[in-house]
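Notes for the one structure printed next.
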Amino acid sequence: MPVTRQTVVIALRGLEVDAVHGVFDFERQEPQRFVADVTLWVQADGALADDDIAGTVSYAEIADEVVSILQGQSASLLETLADRIARAAMSHEGVEGVEATVHKPDAPMPHTFDDVSVTVRLGAVDLAPLALTRADIYDAGAGSVLTGSTRTGGAPEGGKHGQEDGRRAALPSPVVVGPRSVVIAIGGNLGNVPVTLASAVEALDYVEGFSVTDVSPLLRTRPVLGKGQQEQPDYWNAVVLGTFEGDVSSLLEQTERIEREFGRERTEHWGARTIDIDIVQVAGTTSSDPALMLPHPRAHERAFVLAPWVLADPSAVLEGVGAVAELLEACDDREGILDAIDDWLEDPEGIIEESDEVLAASARDKTDGPGGPEGEQQEPGARSGAPKAGESLDETVVRPLQVPLPAQAQAAGAPQADGSSPDRGPVRSPKPATIRPMPAPPVGEGGDQAVWNSLWARWASTEVGEDIAEAMGIERPASAQPSSAAAASGSATRAGASAPGSAPVPVVSEPPAPEDGVSAEPPAPPSIPPRLPGSITRPTLAAKGVGQPPAPEAEAASGGSGHRPQQGQPPQQGQGGQQNPRKGGAKPRRSKPQRGFTGTPITRPDGGKGAPARPAWHPISSVPANSPSGRAPVRTKARPPKAQAAAVAQQGKPSWSSLFGDVGAEENHPGHETSTQLAPVPREAGRESGMSLPDWQFPLAGSEQVRVVDDRSQGSDPERGQLAGEADQRRAILEPNLPKGTPIGPIPADEATHTGILRRVVVRPTMTGAIPIVKPGRRP
Ligand SMILES: Nc1ncnc2c1ncn2[C@@H]1O[C@H](COP(=O)(O)OP(=O)(O)OP(=O)(O)O)[C@@H](O)[C@H]1O
Ligand SMILES: Nc1nc2c(c(=O)[nH]1)N=C(CO)CN2
């Protein structure tokens, strides 16, 4: 289990000395009471095992020094005293951060007061003791050891959520930057994390100054825990790439606000969380401010950050450190990658369940198979099923994912396209020996290797993979070349990528010097209570097979049979020709072949180029109006041929219409293809459902279209889940049927979120995304 850092927090409190400091002459004559509190953050990696004072800092020595400073040269200011103490403490070996507070409880003031104190912080103070309760400090837990005493601190700022800000460092200094690339890592392991993260991506795109440009696949990862830390559920991790312009500290404020909105609580260092958002890198910008360290100080050693990052950007470079692909190879937690989902943003709801099933099926396959693939034996003590919460890397028996590899299927004996069973086991490694810089599968057997194999195969069979290969200077296996079965599609975003070592730092402009004090006014945090991710649902049409045309790729992959699995109707064995755990063991969440790692080759009907096989993130502004999820990958979805479209229509493809107007008769008639080119309509026209909608002051003079999703159609709430069939569900979306008493009219500012979510009604822009209310400061 990787323990990357061990920090000792030493807290010395209430050290009292009578001394002569102050601005008044009489204070220099008459001693008065001064009380010092000192907290030290001491790096003690590996040193504690010896039970030797040499491995840490003696608080007795610190106490002596504090006393002699306070009894020494007179100072006018408490600041000077605190600074002297902090500097003295910092000079001890291993001390990385100090917080020194000097109290003057009897200060000469003609008022009744309890105390006056001044605090100076130096170095890496990554906890904020002033704001900590005793429990906070002790709970800082794994990797941290607290000695000495402490006192109960004041209320943490932003105290609405109890301790959630308790560990928050001081506010970062303002650092205003011009437009530049930003990498943000997101993850979590409590609740339905894929749903939370999908909403968080959306919320991030609404952050002032920040625009999402791409989102990585979602990886299921084993928790990286500190020593002695209690078990936790698996994490889900992804990386968001974007551009940012403005005050970086306000970006942090906003990411922390989003964390709070999605129920993040900070009670334990590296504790389980609904969501964690780390700013990994702001191109061309470094910061040693403990409140905002840039690049993120631990990103370089975390596969759960680097792996999704390299998948989103194969030529990524962690500035000042190195190529992400290379760093990834050295990560201890690399073998903790359990599963990966490519187009997760489209339908995050069922991902956990499906992943559980996939992993369980994989484990079963391994156990049931004739000695396992290639005679592989079950590991002693191997367990089947989804990973247990908190399994540590070294304890966990690897669960192979027998994911057929499209490009290497034949060579490796994976199931054949005709549905026949493989006579050999799963592909060991699709990588030829010449592939070095590619994040190589871990040596040995196991699920992680299979995951990496499938990742590689997934990418290698696409033009994106070509770009990866090119970017990494690797020779691709002949079997991985895009073929008719794995047709290529181009990715503008990846074109021109260079080798990792020489990849240009994506600085958009020269890093301006930080301008202290120059900060954009941060948008006020929303005053609505945080909502748990569970309450933020969206209709999962895709999950119900609604509106998902049998993409031509699927047709091709399934031999053109035209059969499309529906929810609750497992695909027939051999369909698609592959024994894929995702297909055989797990309920198919959807039939789209671009779902990651299904082993289905990515094809485009025209075999043409120009669209990446992997759905890329598209800002809402580019989402077609008829996208069920509101964020269909515009470039990746080929329109179904006409014949299929008709079949699709019969299955009840939803047709989106603007509730603000008649956007074209065909829009409102199921059975007709919807157009993505909706005409702008006046707001008052065509409210077919006859109901009023919340007035968000959409500037409908433009081409904005809005659809309203009533998410009561989801979930177990008695009010919800009433809608039996697809048509009903479709109607629920078109006619939100707002419950009696739903406030109608302008949304009070304090009820508006910045994520476009109001109570249970989700309003999504489908054409331009320029809904001013969700973007503070951007109202036209
Ligand atoms: N680059 C950064 N991104 C996000 N937070 C940062 C960064 N640098 C410093 N911080 C500070 O770290 C503090 C603690 O963050 P948090 O509680 O999310 O840590 P964590 O996620 O549990 O641990 P880790 O930082 O190891 O991922 C935040 O309050 C923030 O001020
Ligand atoms: N797998 C995984 N492990 C973790 C993660 C994480 O995001 N993923 N985050 C942590 C603290 O930030 C601690 N451990």
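One-based numbering, in listed order, for ligands and for the atoms of each.
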Is a donor from one side chain sitting under 3.5 angstrom from an acceptor on the other, for [X] and [Y]?
X	Y	answer
Ser287	Asp289	no
Thr274	Arg264	no
Arg180	Thr243	no
Asp37	Thr39	no

Self-check item: Check ion pair Glu261-Arg257 (N to O, under 4.0 angstrom)
Solution: yes

Practice problem: Using a 4.0 Å heavy-atom cut-off, say whether Arg273 meets ligand 2 through its side chain, its backbone, both or neither. | Solution: side chain

Quiz item: Should the proximity of Asp276 to ligand 2, defined as any heavy atom under 4.0 Å, be assigned to the side chain, the backbone, both, or neither?
Solution: side chain

Quiz item: Do Ala291 and ligand 1 have an N or O pair less than 3.5 Å apart?
Solution: yes

Quiz prompt | Met293 N/O under 3.5 Å from ligand 1 N/O | solution = yes

Nearest neighbour of [atom] from the list [options], on a heavy-atom basis:
atom	options	answer
atom 9 (N) of ligand 2	Trp236, Trp270, Phe304	Phe304
atom 20 (P) of ligand 1	Glu259, Arg273, Glu256	Arg273
atom 26 (O) of ligand 1	His296, Arg302, His269	Arg302

Counting each atom of ligand 2 from 1 as listed, which ones have a heavy atom of [X] under 4.0 Å away?
X	value
Arg222	1 (N), 2 (C)
Thr221	1 (N), 2 (C), 8 (N)
Asn237	1 (N), 2 (C), 6 (C), 7 (O), 8 (N)

Going by the order shown, which atoms of ligand 1 are within less than 4.0 Å of some heavy atom of [X]?
X	result
Pro290	9 (C), 10 (N), 11 (C)
Leu252	4 (C), 5 (N), 31 (O)
Arg264	16 (P), 17 (O), 18 (O), 22 (O)
Asp276	18 (O), 21 (O), 27 (O)

Exercise. Return the residue, atom name and 0.1 Å-rounded distance of the protein heavy atom closest to atom 13 (C) of ligand 2.
Key: Val224 O, 3.4 Å

Quiz item: Quick one: does Pro223 get a heavy atom under 4.0 Å from ligand 2?
Solution: yes

Quiz prompt | Derivation and outcome, side-chain contact (heavy atoms from CB on, under 4.5 Å), residues Arg298 and Met293 | solution = CA-CA 10 Å; Arg298 289 167 286 284; Met293 310 267 276; over 6 Å; no

Quiz item: When you look for heavy atoms under 4.0 Å from ligand 1, do you find them on the side chain of Val280, its backbone, both, or neither?
Solution: neither

Quiz item: Does Arg298 approach ligand 1 within less than 4.0 angstrom via side chain, backbone, both or neither, non-hydrogen atoms only?
Solution: side chain

Quiz item: What's the shortest heavy-atom distance between Glu319 and Gly284, and which atoms?
Solution: OE1-N, 2.8 Å

Self-check item: Identified side chain to side chain contact (heavy atoms under 4.5 Å, CB included) partner of Val240 from the options Leu204, Asp205, Thr213, Asp214
Solution: Leu204

Quiz item: How far apart are the C-alpha atoms of Arg220 and Asp356, what are their side-chain angles, what is the distance that settles it, and do they pass the salt bridge (Lys or Arg N to Asp or Glu O under 4.0 Å) test?
Solution: CA-CA 10 Å; Arg220 179 177 184 152; Asp356 284 349; 2.8 Å; yes

Quiz prompt | Close side-chain approach of Val182 and Leu251, heavy atoms under 4.5 Å | solution = yes

